[in-house]
Every structure is written in structure tokens, then in C-alpha cells.
Asks: 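Below you will find the structure I want to go over with you.
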Amino acid sequence: MSTVPERDGEARAYLLRPASLAVFAILVCAVVFAVAWQYGWRGGLSFDDSAGDAQAQLQAAELMLQSGQYAAALRQIAPILANSQNPRYRQARLLQWQIARTQALAIPPQSPQRRRALSHLVPILDGLLRLGGWTPTQWRSLARDAAAVGAYRLSARFWTAAAATDPGSAQEDQRQAARALVAGGDPAAAGQIVLNLAAASADPAQQRSLFLQGAEWLEGGAGAALALNRCEAILARKPLLWQDRTIVLFMARLALAAGKPDLAARWLHRELLRSGGEESSR
């Protein structure tokens, strides 16, 4: 029996084996190149600062945050935070805040450690405010986060930034800023914001409610004299508000509290005459 065919088969197998290995190697290189290109490699030799590395670090940090590994999560994003030119830098700054907030809120309430942790959150929030450039949704999210950890003044500033970037929701954002200021112990500033909204409003019912709320907060925070002065300035621009009996009575009470009884008497007398005229005409 001849062994020539067997030898030919062995020769062909010997020749195909290197070819198969070469094809396999080419395919592997192609896959590696495609993946590297997808994750930001554009021909450089270093992958340290690639978008792919940064994204992987962010994803790893998020997983560690979810499992309570706060220090490890911060270590993951440390290289990104060290380079403000990194395309993922802003995302890393937000994640840094989320890690710090979650870690602080995980500490038992009323403990000294919790109070210290919360105080360390303020510089991070302030840094995000100064960094700027956030979307209206991000501004509002940061405002709520700030209020949740007791940073009410920063919350108000975040709401104000949201109002500046989204005119369509500016009034509601400014009202939220005013509420944050009241919660933070500054009703005078809150009252001035709301009085400004009243002056800018074209809706009579809205003007009335905003005026009364703003005047009440301003009086509570800055005293009757200043509130009276600011309210008179608003009423000079919105004379129709004088037709509202509740506002007249409020202004009369404010004048009495500010030590101006003659002014209060004049307004009340005018209101009585107006009310009497309306009754006689019926």
C-alpha cells in the first residue's frame, strides 16, 4: 500500500497550519484595533488618558459607590479629576459629589461624624457652582442635593443659575431659590426675590399672591420700615394692586408697625371711601 497520499496530506496540513495561525493573528489584531478605536485611541501609543480608560474608570467607580466602597471609588476617578482637560472631567466632578454625599448620609444621624462629613460637602458643592456650565436639569438636581444636606444658601444659588439658563422656568426656579433662602434663615433676601417677581408679573392674581408673600418675608427678615419702603416702590409700578382690599389692609398694618400711623390712617380712609362708594352704587 502506497504512503504517498499520506505524505501529501501531511505536507498540506503542515503548510496550512502556519497560514491558519496567521489568519487567526490578523483577526485578533483587527478586533483589538477596533475596540481601541472605539474607546478613543487615534494612533497614539499611550492609553492612559483615553476616553475609553476614563469611561471605564467612571463605570468602575459607580459600581464601587453602589457597593459602599467609597474610598476605592474615589481612587478610580482620581486620575480624571487631576486633569481638567479630560473629556470626562465634568462627569467625574459630579460623581465625586455623589460619592461624598452618599458616604456622608450613610453615617448615623445626630453623630459628630455626620456633622463633620456634611460640612465637608460644602466646598465640593461650591466648586461645582464655580465650575458652571451645567444644564438646567443639572442645576436643579444640585440645588435639591444642596438643600438635602442643609446647604440652603448654595441651593438658592443653584436655583438662581437654573433660572438664568432656562427662561421658560425662571419664575418657578426663582421661587424655589426664595424658599431655600427662607429655610436657610434669610427671609429678607427671599422676600426681595419674590417682590421682584411680583413687579415683573403681568398676571393680576399672581402679582397679588407674590406681593403678599414677598412683603411678609421681607418684613420678617428686615423689619417693617424696609418692607414698607420696598412695597411702596412696587405699588408705584403696579397701581392696580391698590384696588385689592387685602393689600391695603396689609400696607396699613405695615405702616403702623413702621411707626407711621398717619400714613396708615390715610390709606384706611381712602379704602373706606372706596368701599362706601362701591356699596352705594349697588
Asks: Does one hydrophobic cluster hold both Leu272 and Met251, with members joined at side-chain heavy-atom distances below 4.5 Å?
Replies: no
Asks: Got a donor-acceptor contact below 3.5 angstrom from the Ser169 side chain to the Asp166 backbone?
Replies: no
Asks: Do Arg179 and Glu172 sit within salt-bridge range, that is, some charged N less than 4.0 Å from a carboxylate O?
Replies: yes
Asks: Around Gln110, counting heavy atoms of other residues, nucleotides and ligands shown, do more than 12 lie under 6.0 Å from its CD?
Replies: no
Asks: Would you sort out whether Gln206 and Gln171 count as a side-chain hydrogen bond (donor to acceptor under 3.5 Å, both in side chains), showing the intermediate values?
Replies: CA-CA 11 Å; Gln206 191 176 71; Gln171 185 180 104; 2.8 Å; yes
Asks: Indicate the ring-plane relationship of Trp242 and Trp267, choosing parallel, tilted or perpendicular according to the 30° and 60° boundaries.
Replies: tilted
Asks: Is there a donor-acceptor pair under 3.5 Å between the side chain of Asn196 and the backbone N or O of Gln192?
Replies: yes
Asks: If hydrophobic clusters are built by linking Ile, Leu, Val, Met, Phe, Trp and Tyr wherever their side-chain heavy atoms come under 4.5 Å apart, do Leu81 and Trp134 end up in the same one?
Replies: no
Asks: Would a distance-only check, ignoring hydrogens and angles, find a side-chain to backbone donor-acceptor pair under 3.5 Å from Arg114 to Ile107?
Replies: yes
Asks: So with a 6.0 Å cut-off around CZ of Arg245, is the heavy-atom count from everything else above 12?
Replies: no
Asks: Do Phe211 and Val194 have side chains that get closer than 4.5 Å, going by heavy atoms?
Replies: no
Asks: Any side-chain to backbone donor/acceptor pair from Lys238 onto Ser201? Under 3.5 Å, distance only.
Replies: yes
Asks: Quick check: do Gln91 and Gln55 have side-chain heavy atoms less than 4.5 Å from each other?
Replies: yes
Asks: Hey, are the side chains of Leu210 and Arg175 touching, using non-hydrogen atoms and a 4.5 Å cut-off?
Replies: yes
Asks: So, does Ser67 use its side chain to make a donor-acceptor pair with the main chain of Met64 at under 3.5 Å?
Replies: yes
Asks: Hey, quick one: are Leu256 and Leu263 part of the same hydrophobic cluster, counting side-chain heavy atoms closer than 4.5 Å, chains of contacts allowed?
Replies: no
Asks: Is a donor on one side and an acceptor on the other found under 3.5 Å between the side chain of Arg90 and the backbone of Gly133?
Replies: yes
Asks: Let's go through Leu74 and Tyr70 carefully: what are the C-alpha distance in whole Å and the side-chain angles of both, what is the deciding distance for side chain to side chain contact (heavy atoms under 4.5 Å, CB included) to 0.1 Å, and is it a yes or a no?
Replies: CA-CA 6 Å; Leu74 287 173; Tyr70 307 118; 5.6 Å; no
Asks: Identify the two heavy atoms, one from Trp97 and one from Leu121, that lie closest to each other, and give their separation to 0.1 Å.
Replies: CZ3-CB, 3.6 Å
Asks: Is there a continuous path of hydrophobic side-chain contacts, each under 4.5 Å between heavy atoms, that joins Leu197 to Ile234?
Replies: no
Asks: Please tabulate, one pair per line, all N/O donor-acceptor pairs under 3.5 Å involving side-chain atoms of residues 216-225, not counting sequence neighbours.
Replies:
unit_1: Glu219; atom_1: OE1; unit_2: Arg253; atom_2: NH2; d: 2.8
unit_1: Glu219; atom_1: OE2; unit_2: Arg253; atom_2: NH1; d: 3.2

Asks: So which atom in Ala54 and which in Ile80 form the shortest heavy-atom distance, rounded to 0.1 Å?
Replies: O-CD1, 3.6 Å
Asks: Under the 3.5 angstrom rule, does the side chain of Gln138 hit a backbone N or O of Thr135 as a donor-acceptor pair?
Replies: yes
Asks: To the closest 0.5 Å, what do you measure between CD (Gln103) and CZ (Arg101)?
Replies: 12.5 Å
Asks: About how many Å separate CD of Gln57 and CZ of Arg75, when rounded to the nearest 0.5 Å?
Replies: 13.0 Å
Asks: Would you say the side chain of Leu125 lies within less than 4.5 Å of the side chain of Val149, judging by non-hydrogen atoms?
Replies: yes
Asks: For residues 152-160, dump all side-chain donor-acceptor pairs below 3.5 Å to protein atoms at least two apart in sequence or in another chain.
Replies:
unit_1: Arg153; atom_1: NH1; unit_2: Asp186; atom_2: OD2; d: 3.4
unit_1: Ser155; atom_1: OG; unit_2: Ala143; atom_2: O; d: 2.8
unit_1: Thr160; atom_1: OG1; unit_2: Ala156; atom_2: O; d: 2.9

Asks: If I compare all heavy atoms of Asn83 with all of Tyr89, which pair ends up nearest, and what's the gap?
Replies: O-CD1, 3.5 Å
Asks: Give a yes or no on whether a salt bridge exists between Arg266 and Asp262, defined as a side-chain N under 4.0 angstrom from a carboxylate O.
Replies: no
Asks: For the hydrophobic clusters of this structure (ILVMFWY residues joined by side-chain heavy atoms under 4.5 Å, transitively), does one cluster hold both Ile99 and Leu58?
Replies: yes
Asks: Taking atom CD1 of Ile124 and atom CG of Leu142, what is their separation to the nearest 0.5 Å?
Replies: 12.0 Å
Asks: Of all the heavy-atom pairs spanning Leu65 and Ala73, show the shortest one and how long it is.
Replies: N-CB, 4.1 Å
Asks: Do you know the tightest heavy-atom contact between Gln174 and Ile193?
Replies: O-CG2, 3.6 Å
Asks: Calculate, to the nearest 0.5 Å, the distance between atoms CZ and NE2 belonging to Arg274 and His269 respectively.
Replies: 13.5 Å
Asks: Supply the atom-to-atom distance Gln207 CD to Ile247 CD1, rounded to the nearest 0.5 angstrom.
Replies: 8.5 Å
Asks: Could you tell me whether a side-chain N or O of Ser141 sits under 3.5 Å from a main-chain N or O of Thr137, the two making a donor and an acceptor?
Replies: no
Asks: Which heavy-atom pair separates Ala189 from Leu181 by the least distance, and what is that distance?
Replies: CB-CD1, 3.8 Å
Asks: Donor-acceptor check, side chain of Ser111 to backbone of Pro108, threshold 3.5 angstrom: yes or no?
Replies: yes
Asks: Mind checking the CD-CD spacing from Glu271 to Gln243? Nearest 0.5 Å is all I need.
Replies: 8.5 Å
